[in-house]
A.B. asks: 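Take this structure, written in structure tokens, and hold onto it; I'll ask about it next.
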Amino acid sequence: MPYCNVCGNWESLASSRFPPAADTANGPSYGLLGNFNEEGCLLTMECQGASLDDAQEAYEQPQIYFDTCPFCGSRDISW
């Protein structure tokens with residue numbers, strides 16, 4: 001199961017590879033966010049800046065793409 005070594009978050013991880021679609025005060029901070037279940041399986045993704053092809057690659061290889069905790073900003077992620 002992937003999790004952040006700093007804050008312990010395991011529910012959502014972001015990808016640092018894709019910037020958000022638009023820089024706004026209320027907008028998402030990441031272009032691709034993955035939501036995981038308790039077993040570490042990728043359930044859903046929120047694509048705000050990644051193409052569908054990029055999202056498909058991330059779905060197939062989440063351990064490569066999801067490298068940032070969206071809650072604390074750490075890149076210290078364990079898989």
Side-chain angles (χ1 to χ4, degrees):
M1 170 173 69
Y3 64 94
C4 174
N5 290 313
V6 174
C7 72
N9 165 46
W10 57 266
E11 295 177 23
S12 296
L13 293 174
S15 178
S16 64
R17 294 182 181 220
F18 309 105
D23 292 327
T24 62
N26 297 7
S29 301
Y30 301 98
L32 185 63
L33 187 74
N35 300 304
F36 296 83
N37 67 10
E38 293 174 352
E39 288 81 38
C41 296
L42 183 59
L43 295 176
T44 62
M45 291 188 295
E46 299 172 28
C47 300
Q48 300 291 329
S51 70
L52 290 178
D53 289 336
D54 291 335
Q56 181 64 37
E57 284 187 41
Y59 182 79
E60 293 171 3
Q61 298 179 332
Q63 67 278 10
I64 294 173
Y65 284 86
F66 296 104
D67 59 354
T68 306
C69 177
F71 300 118
C72 73
S74 172
R75 289 198 178 169
D76 187 6
I77 306 297
S78 290
W79 281 87

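Positions are given from 1 along the sequence.
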A.B. asks: Provide the closest heavy-atom pair for Asn9 versus Cys69 in the form atom of the first, atom of the second, distance.
C.D. replies: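 Nearest pair, atom of Asn9 first, then Cys69: ND2-SG, 3.5 Å.
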A.B. asks: Scan the side chains in residues 34-45 for donor-acceptor partners under 3.5 Å anywhere in the protein, sequence neighbours excluded, and list what turns up.
C.D. replies:
residue, atom, partner, partner atom, Å
Asn35, OD1, Ser12, OG, 2.8
Asn35, ND2, Thr44, OG1, 2.9
Asn35, ND2, Glu46, OE2, 3.3
Asn37, OD1, Glu39, N, 3.0
Asn37, OD1, Gly40, N, 3.0
Asn37, OD1, Cys41, N, 2.9
Asn37, ND2, Glu39, OE1, 3.3

A.B. asks: Would you check if Trp79 and Pro62 make a side-chain contact, meaning some heavy-atom pair closer than 4.5 Å?
C.D. replies: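 Of all side-chain heavy-atom pairs linking Pro62 with Trp79, at least one is under 4.5 Å.
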A.B. asks: Hydrophobic cluster membership, with links at side-chain heavy-atom distances under 4.5 Å among I/L/V/M/F/W/Y: are Ile64 and Tyr59 in one?
C.D. replies: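 Yes, one cluster joins them.
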A.B. asks: Suppose we screen for side-chain hydrogen bond (donor to acceptor under 3.5 Å, both in side chains). Which residues come up paired with Glu57, at least two apart in sequence or across chains?
C.D. replies: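 Residues passing side-chain hydrogen bond (donor to acceptor under 3.5 Å, both in side chains) with Glu57: Tyr65.
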A.B. asks: With sequence neighbours left out, write down each residue that passes side-chain hydrogen bond (donor to acceptor under 3.5 Å, both in side chains) with Asn5, or none if nothing qualifies.
C.D. replies: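 Checked Asn5 against side-chain hydrogen bond (donor to acceptor under 3.5 Å, both in side chains); matches are Asp76, Ser78.
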A.B. asks: Can you give me the closest heavy-atom contact between Ala14 and Tyr30, atom names plus distance?
C.D. replies: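 So the minimum-distance heavy-atom pair works out to CB-CG, 3.3 Å.
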A.B. asks: Which pair of non-hydrogen atoms, one from Trp10 and one from Pro2, has the smallest distance, and what is that distance?
C.D. replies: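 Closest heavy-atom pair between Trp10 and Pro2: CB-O, 3.4 Å.
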A.B. asks: I need the minimum non-hydrogen distance between Pro70 and Leu13, along with the two atoms involved.
C.D. replies: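 Nearest heavy atoms, Pro70 then Leu13: CD-CA, 3.8 Å.
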A.B. asks: Could you go step by step and tell me if Asp54 and Leu32 meet the side chain to side chain contact (heavy atoms under 4.5 Å, CB included) rule?
C.D. replies: CA-CA 9 Å; Asp54 291 335; Leu32 185 63; 5.9 Å; no
A.B. asks: Indicate the atoms forming the closest heavy-atom contact of Leu33 with Phe66, along with that distance.
C.D. replies: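 Closest approach of Leu33 to Phe66: C-CE2, 3.8 Å.
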